[in-house]
There are 4 protein chains.
Amino acid sequence: MDYVNGPGRNHLFVPGPVNIPEQVLRAMNRNNEDYRSPAVPALTKTLLEDVKKIFKTTSGTPFLFPTTGTGAWESALTNTLSPGDRTVSFLIGQFSLLWIDQQKRLNFDVDVVESDWGQGANLEVLASKIAEDRSHTIKAICIVHNETATGVTNNLATVRKILDHYQHPALFLVDGVSSICALDFRMDEWGVDVALTGSQKALSLPTGLGIVCASPKALEASKTAKSVRVFFDWSDYLKFYKLGTYWPYTPSIQLLYGLRAALDLLFEEGLDNVIARHARLGKATRLAVEAWGLKNCTQKEEWFSDTVTAVVVPPHIESSEIVKRAWKRYNLSLGLGLNKVAGKVFRIGHLGNLNELQLLGCLAGVEMVLKDIGYPVKFGSGVAAASAFLQNSTPLIPSRI
Amino acid sequence: MDYVNGPGRNHLFVPGPVNIPEQVLRAMNRNNEDYRSPAVPALTKTLLEDVKKIFKTTSGTPFLFPTTGTGAWESALTNTLSPGDRTVSFLIGQFSLLWIDQQKRLNFDVDVVESDWGQGANLEVLASKIAEDRSHTIKAICIVHNETATGVTNNLATVRKILDHYQHPALFLVDGVSSICALDFRMDEWGVDVALTGSQKALSLPTGLGIVCASPKALEASKTAKSVRVFFDWSDYLKFYKLGTYWPYTPSIQLLYGLRAALDLLFEEGLDNVIARHARLGKATRLAVEAWGLKNCTQKEEWFSDTVTAVVVPPHIESSEIVKRAWKRYNLSLGLGLNKVAGKVFRIGHLGNLNELQLLGCLAGVEMVLKDIGYPVKFGSGVAAASAFLQNSTPLIPSRI
Amino acid sequence: MDYVNGPGRNHLFVPGPVNIPEQVLRAMNRNNEDYRSPAVPALTKTLLEDVKKIFKTTSGTPFLFPTTGTGAWESALTNTLSPGDRTVSFLIGQFSLLWIDQQKRLNFDVDVVESDWGQGANLEVLASKIAEDRSHTIKAICIVHNETATGVTNNLATVRKILDHYQHPALFLVDGVSSICALDFRMDEWGVDVALTGSQKALSLPTGLGIVCASPKALEASKTAKSVRVFFDWSDYLKFYKLGTYWPYTPSIQLLYGLRAALDLLFEEGLDNVIARHARLGKATRLAVEAWGLKNCTQKEEWFSDTVTAVVVPPHIESSEIVKRAWKRYNLSLGLGLNKVAGKVFRIGHLGNLNELQLLGCLAGVEMVLKDIGYPVKFGSGVAAASAFLQNSTPLIPSRI
Amino acid sequence: MDYVNGPGRNHLFVPGPVNIPEQVLRAMNRNNEDYRSPAVPALTKTLLEDVKKIFKTTSGTPFLFPTTGTGAWESALTNTLSPGDRTVSFLIGQFSLLWIDQQKRLNFDVDVVESDWGQGANLEVLASKIAEDRSHTIKAICIVHNETATGVTNNLATVRKILDHYQHPALFLVDGVSSICALDFRMDEWGVDVALTGSQKALSLPTGLGIVCASPKALEASKTAKSVRVFFDWSDYLKFYKLGTYWPYTPSIQLLYGLRAALDLLFEEGLDNVIARHARLGKATRLAVEAWGLKNCTQKEEWFSDTVTAVVVPPHIESSEIVKRAWKRYNLSLGLGLNKVAGKVFRIGHLGNLNELQLLGCLAGVEMVLKDIGYPVKFGSGVAAASAFLQNSTPLIPSRI
């Protein structure tokens, strides 16, 4: 079934799923186990404790759903809200759009704040809505920390400031799918009520875990939330947490051991170092894009994303041709432009288990693809800009000093 | 994290998750991939086509949800029914109980037909309910093909006959979690409208795929069903099927390749041979139980299950002690008694990627555990009964003749 | 290429190669590495230190040759002896025969002491030869600790006593291929000069490492030994040991990490517990053979082997038919009779990563094969005898208490 | 044991061991098997047949020794020559030096033809020696096809021409360790008598197979060659080839399945395409070196190697610092300078399972290391030169067109 095989390694630069470390592949290379034996709860206990660290929370309660990010969204919403509840949601790209679509289908009253694709969430509009909402009709603010379609990172600290300023009790729900474990994220400090991510993003695992973390306030809300839910219901998990068996239904043994290995790697590197590495790779990518004479889809520096860069191509070029060509000729997987920016941008994912030379190989590949496609790139220009920065900023590997 | 390691191989005889074949482990030992490349849709297409064969359907439409059996249940129900709809459901053990619980929480009007645990679904009651229901208030019959908690297999052909006899239009929804790929199951012939299974059962994969198959009538019903659903919505899948990209959200690349390998193995062995192998192992287990002087929880032969046997222990024995002892001393994983039969039965799962000698090792282990726990078993008695049957009935391995 | 696939797990009961633990498979599931980086010497250093423990030596020097047991033999001989040197060698089965053949081809003057196949080395003859050899023409005693073809374990302590009694300086060279890590072996205490094993035996790794351990006296001998050698020369290794780079040529990265995992497992279980487990499984096997009314090829209890049992079949049965049948029908791999005992015995290997229930599955399988082949075995008889013993003697798994 | 772990992937650019394809890792991820079952000979048969294709021979006989390249050398020599035999050997770098050292230790009369390191074998001297040797005292020409230490490829066709011109019967023994499966090699056409390679080189497997191929003339020579050999003796193999069991001692099951997968990948890509890919990557590397203002250790274009490039650093730079720095900061593994060129060159291996973007990542990394170390490289210069060439010459991946 590898009938599209090419020589050498696939260069995986979509913004998820991302490259899995060998250590994690090894940890998952195993037979099934009885999840009711004492071993699996013991393992799960360490996972639930440690997974809180990637959310930077001590008071939150994590849930490891056997699902994807879409399921994690559904879990966040249905456990905290009731049909008809008003949410304020920011439409800034394809993934925020899909979340909004979900909110609508779950029968919430979604107050959509739209921005141009390439801009961040309009927090001024949020401020005025919150200011006006003295009767607290707004039950939740739903915001994507990092919009994967456009490479835009929103300022969550400001959201919290606005809510605090007006002493507004709305729940603060955050999609951290392409941010958590890669960007600076502080659940407790920012007063986030539900945060979530997926295993195949910065955690660098296969798809299959939707990781949701709930604040005490969110847990409280779940007691009265009337949205129908069963598979995604937190209360089933909480029941089994109390029993010490942890699982209301069968978990993936392989993903549990994989998560253990992934967390061990993260903590070995140090979460702050992981974030710094993403900052370095993000900046290097942007320098390359600039050197090529191309534009970042993200319109202002304050929104630049360190996990994905959406590159705007000149009008006469169809960006999907770049993606196709990269895959067909150079075994390079880039991200397509989606929906409104389809054909107009291609995306370079630079998150997860990735280092400087992998990125430079990708950038060199993009240069060749651009040439293939007729864009007059100067060979080595992007690589040079990125290298100059990386050579200055990359630390020694601590375990090798 | 293997801090409960014991020498040698774990003998995995819970009724799921089951032993994964080495070929499947190998197929899944891989990095992530871009699921939007041409490779993943091409692979998915073969999977959707071939997965129909395990349901014995040509007209059904399969869905590969990144979820567990519980999620597959939810998908089956929410896509076909509306809140308030009347379902007839059979309570015969822990898993049918959980499904009924889900049906209630999803706000259906559940008409529960209860049997003693150890008996099959009471189809006479079904017949009378169907007969009486001239106004067709019953929207769906929900039945577990094989109740994993008690080792009871229900007769689905009879269900169909009853519905046909009264020309009743109720949907026929089947939980095939511990039956499909192991027991005789015929979606088209029996007019099943939704059938579902989980990857960690007879398919012998890790947990993570909830496989749901819908008849044309079920698909039609999904157009008007009013239950709220997003993650589990068939319509999103159908949209992407039409586009040829197949996935509304990120699938597990590893499970897709794993499923490919699992199906290849099934077809190589031949689905009928797989079913015959399960019949052989089931019968051998029952002969052993009889030889030990113990009783099968299943009260009549017509309900005997070829995938799991629940063994009733004498009143003075606590069955969970058997399970603990098996694991602590012999690296043998047996199934606990659940809920009503907790403490009263232990379960031997004999499904999935399993052969005669593995089972005989398990049976020999059970004998030692029984002795440990004070039951006066005669060593070798169960093994002898099983061996005598197996030596008569096991075919040569076709590839080695 | 798995065109001889059968359902379920292969039951591997040849006396090597043996079952690899999942932990070891995982450890080896990795890309190549630069063996000149600091990582590989650091790993190698721990291996060389720890591998001494399995030989029970503190003064010995181990070598990890990328070869098989046959190569390890050659390394033991060529590094310590010169062409024309007289060796005393014991011919008691196929593997001692092959080693003697090698000694002859390497131009040593081999003084062969032959026993019936099924008997141990004749140490009385050794004593008289040593007694007579006042001029010390005997340069080395070459003895197989455990003859894999017949399941005979020789008494190495007696060999040492004889040498000491006569203050004879002959080197004491031991093939520990099917004993080390499974049987009681004490290099220092017994004054063994060279001991060797292969990775695919009780260490439970793939084939590929010939592990040779040399006493200080053996190292001294290597300085003057005139046998031609290059690949197998210890002096190249010793040179690189001093440099701290350890490898005169490229090692298998995968086997090094595999060996690390294998040693970790051995030490976790405890070497003495490992040996006790083999004693238990060996005894259980012999009890089964007795219960079947068959004879052990090994003629006296003092020679019984705890790693392999050669079972003598009645004259009218061709033992290779048993081996073929086991594989073709039950996915059971048994050992053939070799050379003099071809057709007369089949062998059950019970060494390496193996536990009680695996063995009982094998024994149940042998019973079915015996029936297939026309031997009037009573089903369950061997299993019962083995179980009764194992149920009395198997300890709880320490990590699970 | 991964205590030198760094984030992201290791960039492995030593000239062996090289990157293993995922397909091969998967194929090797398996338990041991009985190598005496019918399965292993059946597999071996296909391997022996197919391995001839990588030597481009139909008349040769291949041997798959469980050893390294050093062992393969020993096998080539000891099976064809007798102590005292005169060989003509070319000393052009560390690996030819080691082979010559082996020849001397095996007691051949080695006539060494030395060149400066960086030059090829002096074939004019060969021609005059052959011309003078009317009495045919020269029994063998021993030549390294590609000297891995200096990146020099010798012209084997010319060697054959010289021998033919003088109708000289000397055996033609070739070390193809870093050439076969990567460079143009034609055993039959060039009349090579013994050719050999190692699994961890262009075949992209782990270390552990020394693959030796003998011409009919070499086989004939082996009947009278008096060098002592046992482990490396071809005659043992030939005996088991005849029996159809193939193995005189236990092979590595994992490497056999790995070799099967590696050959399948090679044939899928096409051996000529593989060679063209190496030519492309070699040329790209040399263009980068030139752009950096550095010199290739190889002194003339006719000797340029497409599998390894040894780069000469300026006198004030210690090349081992480059290698250390690359590993410590960028997770890049480069080759050290060895022996005469220690400190003076570093090596970029570009062989095996490798593609364009992997190489460009490496080249970008070398640029950063050069900067680190104080060499005034222009960022992007080497990458640009290589990219310009690769963008012109890289074909589409056939399976993706």
Side-chain angles (χ1 to χ4, degrees), chain C residues 1 3-4 10 12 14 16-20 25 27-39 42-43 46 66-71 73-74 83 101-102 105-107 198 200 204 206-208 227-233 248-255 257 260-261 327 333 335-336, chain D residues 1 3-4 10 12 14 16-20 25 27-39 42-43 46 66-71 73-74 83 101-102 105-107 198 200 204 206-208 227-233 248-255 257 260-261 327 333 335-336:
Chain C
M1 278 315 297
Y3 48 79
V4 293
N10 173 249
L12 185 60
V14 297
V18 306
N19 293 291
I20 305 174
L25 286 178
M28 294 191 306
N29 182 36
R30 63 174 66 230
N31 194 17
N32 282 326
E33 269 183 44
D34 175 19
Y35 75 99
R36 297 182 204 262
S37 89
L43 169 60
T46 74
T67 188
T68 69
T70 304
W73 281 345
E74 189 160 329
D101 175 63
Q102 186 185 69
R105 288 162 70 184
L106 291 170
N107 297 319
Q200 81 278 19
S204 303
T207 307
S227 292
V228 171
R229 62 204 182 264
V230 182
F231 182 77
F232 290 120
D233 199 337
Y249 35 68
T250 319
S252 162
I253 296 299
Q254 290 74 19
L255 281 172
Y257 283 97
R260 183 65 268 160
W327 190 71
S333 296
L336 287 161
Chain D
M1 280 313 297
Y3 48 78
V4 294
N10 174 249
L12 184 60
V14 297
V18 306
N19 294 290
I20 305 174
L25 286 177
M28 294 190 308
N29 182 37
R30 64 174 65 229
N31 194 18
N32 282 326
E33 268 183 45
D34 176 20
Y35 75 100
R36 296 181 205 263
S37 89
L43 169 60
T46 74
T67 189
T68 69
T70 303
W73 280 346
E74 191 159 327
D101 175 64
Q102 186 185 69
R105 289 162 69 184
L106 292 171
N107 297 319
Q200 81 278 20
S204 303
T207 306
S227 292
V228 171
R229 61 200 182 266
V230 182
F231 182 78
F232 291 120
D233 199 338
Y249 34 68
T250 320
S252 162
I253 296 298
Q254 290 74 18
L255 282 171
Y257 283 97
R260 183 67 267 159
W327 191 69
S333 296
L336 287 161

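- Looking at D/Q254, only its side chain comes within 4.5 Å of chain C, counting heavy atoms on both sides.
- Heavy atoms closer than 4.5 Å to chain D are found in the side chain of C/N107, but not in its backbone.
- With contacts defined as side-chain heavy-atom distances shorter than 4.5 Å, the pair C/P17/D/T250 qualifies.
- D/N19 and C/N31 share a donor-acceptor pair across their side chains, judged by distance under 3.5 Å alone.
- For a residue to count as touching a neighbouring chain, one of its non-hydrogen atoms must lie under 4.5 Å from one of that chain's; by this rule C/V228 touches chain D with the side chain only.
- The candidate from D/V14, D/T207, D/N32, D/L25 with the greatest count of non-hydrogen atom pairs under 4.5 Å with chain C is D/N32.
- Interatomic distance, D/L106 CG to C/R229 CZ, rounded to the nearest 0.5 Å: 11.5 Å.
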query: Run the side chain to side chain contact (heavy atoms under 4.5 Å, CB included) check on D/D233 and C/R105 step by step: do they pass?
result: CA-CA 11 Å; D/D233 199 338; C/R105 288 162 70 184; 2.8 Å; yes
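- The two residues C/R30 and D/I20 come nearest to each other via the heavy atoms O-CD1, 4.0 Å.
- Between D/L255 atom CG and C/S252 atom OG the span is 7.0 Å, to the nearest 0.5 Å.
- The part of C/E74 that comes within reach of chain D is its side chain, from C-beta onward, which places non-hydrogen atoms under 4.5 angstrom from that chain.
- When heavy atoms are compared at a cutoff of 4.5 Å, C/P251 approaches chain D solely by way of its backbone atoms N, CA, C and O.
- Ring-plane geometry between C/F231 and D/F232 is classed as perpendicular, the angle between the planes exceeding 60 degrees on a 0 to 90 degree scale with a lower cut at 30.
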- request: Please report the C-alpha distance between C/T67 and D/T67 in whole Å, then the side-chain angles of each, then the deciding distance to 0.1 Å, and finally whether the side chain to side chain contact (heavy atoms under 4.5 Å, CB included) criterion is met.
  value: CA-CA 5 Å; C/T67 188; D/T67 189; 5.8 Å; no
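- Separation of atoms OH (C/Y35) and CD (D/Q200) is listed at 8.5 Å; rounding is to 0.5 Å.
- With chain D as the partner, the residue from C/P206, C/P248, C/S333 showing the most heavy-atom pairs under 4.5 Å is C/P206.
- Taking 4.5 Å as the limit, some side-chain heavy atom of D/L12 sits within range of a side-chain heavy atom of C/D34.
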